[in-house]
Protein chains: 2
Amino acid sequence: MFKAIQKRSVSDEVFDQLRNRIVYQELKAGEELPSERLLSEMLGVSRNAVREAIKRLQQARLVEVKHGGMTTVLDYRREASADLLPSLLFDQDGQIQVDAARSIVRMRQVLSPAIAADAAVNGGAATADRLDALVDDMTAAVAPVDLQRLAFEFWEELVDGSGNIAYRLAFNSLRKTYEPLWELLTQMLDRDLRKLDSFRGLAMLVREGKADEAAELARDYIDGSSNAINQFLDLYEQHTQNHLNNNA
Amino acid sequence: MFKAIQKRSVSDEVFDQLRNRIVYQELKAGEELPSERLLSEMLGVSRNAVREAIKRLQQARLVEVKHGGMTTVLDYRREASADLLPSLLFDQDGQIQVDAARSIVRMRQVLSPAIAADAAVNGGAATADRLDALVDDMTAAVAPVDLQRLAFEFWEELVDGSGNIAYRLAFNSLRKTYEPLWELLTQMLDRDLRKLDSFRGLAMLVREGKADEAAELARDYIDGSSNAINQFLDLYEQHTQNHLNNNA
DNA sequence: CAGGTCCACTGGTAGGATAAGTTACCTCAA
DNA sequence: TTGAGGTAACTTATCCTACCAGTGGACCTG
């Protein structure tokens, strides 16, 4: 198959470089960025491109810009939003940062039962209909990747049904974080995604407005899939640890 | 007291205008922005300023820019991050959007017990020491606003103690959302903030590593303060509803 | 040595020129 | 008639230069 080639603009390149230097702690909180003129000279790009990159860093709350003064690096742990998670999930060598991954799994684990419960309260029959339709599709799906996609759409529908905009926006950031790991997740969750009874049951409980039972069922399902991911992360951690030892 | 005067640059102004038009649905998802040249002419600013504003909109995932094509508005419910919550919390007249506020209160309610539990597991004595020091300060505090600030720092410390970067980043967005409502929250939570036993108890349970009990105590506390906020929101909703009826 | 002035930086804004990509439409041959 | 290809008129992307505006330190000066 063909993949759409991604063209990276100059200002994107500058943004990525600076963001990486910040999240990899090569530029620490409180330190000053080189001046725009110096940066543009060092990188061989126009000052314009540098300014646009810095505007994005500012929007991501990674730097603080002061007219007339130097631009300083902020503490991303204190200032940045969940949008930064995709950048924190991998280190410079492309290895998964296990701590960050566990954090994300945990947050998903905590939010999911509440999402299901709130969807049961606020979703109504319309949400339940869409959920049932998705479960029908899941029943017919054969390829694991299709199942994974449909399961994700199921959760998206639950989030919408909860009517909670804060869940919705947090979920968006989590989705962006999952994307680079999509194939890997499909393998990890292969067994859990086949628990169609759970999905069907959730749709039913949403239809009946049974919040507590929906939360309970969601918890069961999510705890299972969280365990699957965490077991993978344990193995991954051992493997990379051994790899480091072998190289040392 | 003096307040730092906030100077808004031209590109900030352009960004605010465009972001507001998007969140207020004057520019709907799928619609096209005017071209950069047209925008800069309409707003009476340089194309540079417009481009910098659009770069920030792009970083916030409110628009999609395509080289050679028109820039289109994205569906912020599907794409944006929790960074957008402060903009969603107020409508064009500066009135609180009660649905958004309830969403935020709910998310805080769901996350807080888990934060406390994880802090109990991962925080250790160092976290407990800092928590106890904060409770000491709270005991000595007299002004409600100081109590509020210290209580917030207490939760920040719990989040740090949980060691969960996803909690941390989500919490950052929530903090940015609270900020414009700080004085109002101080009034609403006046009674709850005086429950120093809860704070002291949480510090103790973190020290002893008792996750379940910490979650339970956190839930008790957060449910109480959530009720207080929701009661205010109910009254606020009635009031604004009456106000609308009177004007009609 | 406090207070003010100046200067050498910093980021902010403007406008123009050109490159590169998209889109709609028009032309022309099969 | 239809479809392939080219063209024209847009769009965003990039760069350049010039100048405005704010900051902070050096350096006078009373």
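Between A:Glu41 atom CD and D:dT17 atom P there is a gap of 12 Å when expressed in whole angstrom units. Between A:Arg56 atom CZ and D:dA13 atom C1' there is a gap of 14 Å when expressed in whole angstrom units.
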Could you go through residues 92-100 of chain A and list every donor-acceptor pair under 3.5 Å that involves a side-chain atom there, pairing it with any protein atom two or more places apart or in another chain?
from	atom 1	to	atom 2	distance (Å)
A:Gln92	NE2	A:Glu26	OE2	3.4
A:Gln95	OE1	A:Tyr236	OH	2.9

Worksheet entry | Sugar-phosphate or base contact per nucleotide [nucleotides 4-17 of chain C; S, B, -; heavy atom under 4.0 Å] | ------BBBBBB--
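Every residue two or more places apart in sequence or in another chain that forms a ring-ring contact (aromatic ring centres under 6.0 Å, His included) with B:Phe154 is listed here: B:Phe199. Under the ring-ring contact (aromatic ring centres under 6.0 Å, His included) criterion, A:Phe15 pairs with no residue at all, not counting sequence neighbours. Every side chain to side chain contact (heavy atoms under 4.5 Å, CB included) that B:Ala143 has, sequence neighbours left out, goes to B:Val145, B:Asp146. Residues passing the ring-ring contact (aromatic ring centres under 6.0 Å, His included) test with B:Tyr167: none are found, sequence neighbours excluded. Residues meeting the side-chain hydrogen bond (donor to acceptor under 3.5 Å, both in side chains) test with B:Glu36, sequence neighbours left out: B:Arg47, B:Arg51.
When the local axes at the two ends of the helix from C:dC1-D:dG30 to C:dA30-D:dT1 are compared, using 5 base pairs at each end, they differ in direction by 10° after rounding to 10°.
Judged as a salt bridge (charged side-chain N to carboxylate O under 4.0 Å, His left out), the pairs with a partner in residues 163-174 of chain A (not counting sequence neighbours) are, in order, A:Glu156-A:Arg168, A:Asp160-A:Arg168.
Side chain to side chain, B:Ser162 and B:Asn122 fail the donor-acceptor criterion of an N or O pair below 3.5 Å.
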